[in-house]
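A short worksheet on the structure shown next.
Every chain is numbered from 1 and lettered A, B, ... according to where its sequence line falls, protein lines coming before strand lines.
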Number of protein chains: 2
Amino acid sequence: MRISARTQYALGAMLALAVADSPVHAEKIAVTQDIPRRFCDNILLQLRRAGLIRSQRGPDGGYWLARPPGEIALADVIRVTEGAEQALRPFSPAAAPLAEIWDRLRSQEDALLSEITLADVIASRDRHQDRDRSSGNGQDVPSDAGRGMS
Amino acid sequence: MRISARTQYALGAMLALAVADSPVHAEKIAVTQDIPRRFCDNILLQLRRAGLIRSQRGPDGGYWLARPPGEIALADVIRVTEGAEQALRPFSPAAAPLAEIWDRLRSQEDALLSEITLADVIASRDRHQDRDRSSGNGQDVPSDAGRGMS
DNA sequence: TATCATTCCTACTATTCAAGTAGGAATAAT
DNA sequence: ATTATTCCTACTTGAATAGTAGGAATGATA
Ligand code: FES
Ligand code: FES
């Protein structure tokens, strides 16, 4: 799969919401995540339509996650922003067996991205901030990390 | 990684060479693999420069594999045609931990594609042609398949 | 009720990248 | 010489991504 700027931005925005404990303005997200202001609006809208986030208009409005960070997988976000990848063009019969391989690649990738949640990413980041407390330190990102929003 | 038409074509061409037992014209490859004629030239040239195939000019010329099909992994071909994927743009600090994940994705993918050789693909194709001879049939593509060129 | 800050929506422009083409030079067989 | 092929650079085109524009709808506050 392609990792577009849009996807990168969307994940950044989702992470920003995951660590906040109250609604966040698009403006703030745009600034802290370094996303072009108008583009940020655009992406947040898409995420809301997909049901990943909720929103409130007017002053004192903003965005927040629809579910706790531990229940949102990276794949959930990516599927939205990358949309349905257009089927790759027909194969010459001779190259047909390659299709099976592309399928394997995709499932492999999907498996990984479906297992990692926003909470995992945040936990991993926090672990990297206080560098190596123990010697044989954090390898795996545990899937049971953050549940609440703070 | 992206599976471009170019990559698809290149793999088709390599497979065509893998099953041939003497030099093959670009023309023939283009026809049998359904590759636009001129584009085919273009791709073959790139493959030759990368050292994956050899060539001979003039009438009675053509292309052939530089190594036996069992020693050419799909990754070898793909790395050539996809080129050095341009580094994805800088992350906002907040989204930095994602970089690690992209890396994991890439290695996972590279591992799979490095294990499968042209010979494996051909063997798999042949196995699919005579449909299910035994009941619990071929799951894995053995890596020790064809060695010679026929 | 007026005002203001925000989200929401459609549609547009610009930039980049992949796909494919063009024209011919170099080489080798006959 | 002629002809069939590979070889090489550069160009054109099409599609997709990235980002922008303009304003309508909503909701808080006074
Ligand atoms: S990155 Fe998605 S299949 Fe390779
Ligand atoms: S297809 Fe290569 S990393 Fe996703």
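You'll find the side chain of B:L98 stays beyond 4.5 Å of the side chain of A:I3, heavy atoms only. Looking at B:I122 and B:D126, their side chains come closer than 4.5 Å, going by heavy atoms from C-beta outward. B:I78 has its side chain out of reach of B:E109: every pair of non-hydrogen atoms, C-beta onward, lies at least 4.5 Å apart.
A close approach under 4.0 Å does occur between a side-chain nitrogen or oxygen of B:Y63 and OP1 or OP2 of D:dC7. Between B:Y9 and C:dA19 there is no side-chain N or O to OP1 or OP2 distance below 4.0 Å. Considering only side-chain N and O atoms, A:S55 lies nowhere under 4.0 angstrom from the phosphate OP1 or OP2 of C:dT6. Here A:S4 reaches the OP1 or OP2 of D:dA18: one of its side-chain N or O atoms lies under 4.0 Å away. At least one side-chain nitrogen or oxygen of A:R48 sits closer than 4.0 Å to the OP1 or OP2 atom of C:dC9.
Not a single donor-acceptor pair, N or O on each side, falls under 3.5 Å between the base of D:dG19 and the side chain of A:R6. The base of D:dC7 lies close enough to the side chain of B:D41 for a donor and an acceptor atom to sit less than 3.5 Å apart. Remark: the B:R37 side chain and the C:dG20 base include no donor-acceptor N/O pair separated by less than 3.5 Å. Taking 3.5 Å as the limit, the base of D:dT20 and the side chain of A:N42 contain a donor-acceptor pair of atoms between them.
Using a 4.0 Å heavy-atom distance criterion, B:R49 is classed as a sugar-phosphate-only contact.
When the C1' atom of D:dT5 is taken as reference, atom CZ of B:R38 falls 12 Å away, rounded to whole Å. Rounded to whole angstrom, the span from the CD1 atom of A:I3 across to the C1' atom of D:dA16 amounts to 16 Å. Between A:H25 atom NE2 and C:dC4 atom C1' the separation is 13 Å, expressed in whole Å. Rounded to an integer number of Å, the gap from CD of B:Q56 to C1' of D:dC7 is 13 Å. Rounded to whole Å, atom P of C:dA19 lies 9 Å from atom CD1 of B:I43. When rounded to the nearest whole Å, the span between CG of B:L45 and P of D:dT6 equals 11 Å. Rounded to a whole Å, the NZ atom of B:K28 is 13 Å from the P atom of D:dT5. Computed from coordinates, the B:F39 CZ to C:dG20 P distance equals 6 Å when rounded to whole Å.
Nearer to the 5' terminus of DNA chain D, by closest-nucleotide assignment, is the contact made by B:P59 (compared with the other of B:P59 and A:T7).
There is a path of hydrophobic side-chain contacts, each under 4.5 Å, that joins B:W102 to A:M14.
For A:P36, the side-chain atoms get nearest to D:dG19 when compared with the rest of D:dG19, C:dC4, C:dT7. The side chain of A:R57 has C:dT7 as its nearest neighbour among D:dT3, D:dA28, C:dT7. Taking every side-chain heavy atom of A:R2 into account, D:dA18 is the closest of D:dA18, D:dT26, C:dG20. The side chain of B:A26 has D:dT6 as its nearest neighbour among D:dT6, D:dT20, D:dA4. Of the candidates D:dG19, D:dT26, C:dA29, the closest approach to any side-chain atom of A:A5 belongs to D:dG19.
For the residue pair A:T117/A:D120, the side-chain donor-acceptor check at 3.5 Å is satisfied.
To the nearest 0.5 Å, the span separating CG on A:L52 from CZ on A:R67 amounts to 6.0 Å.
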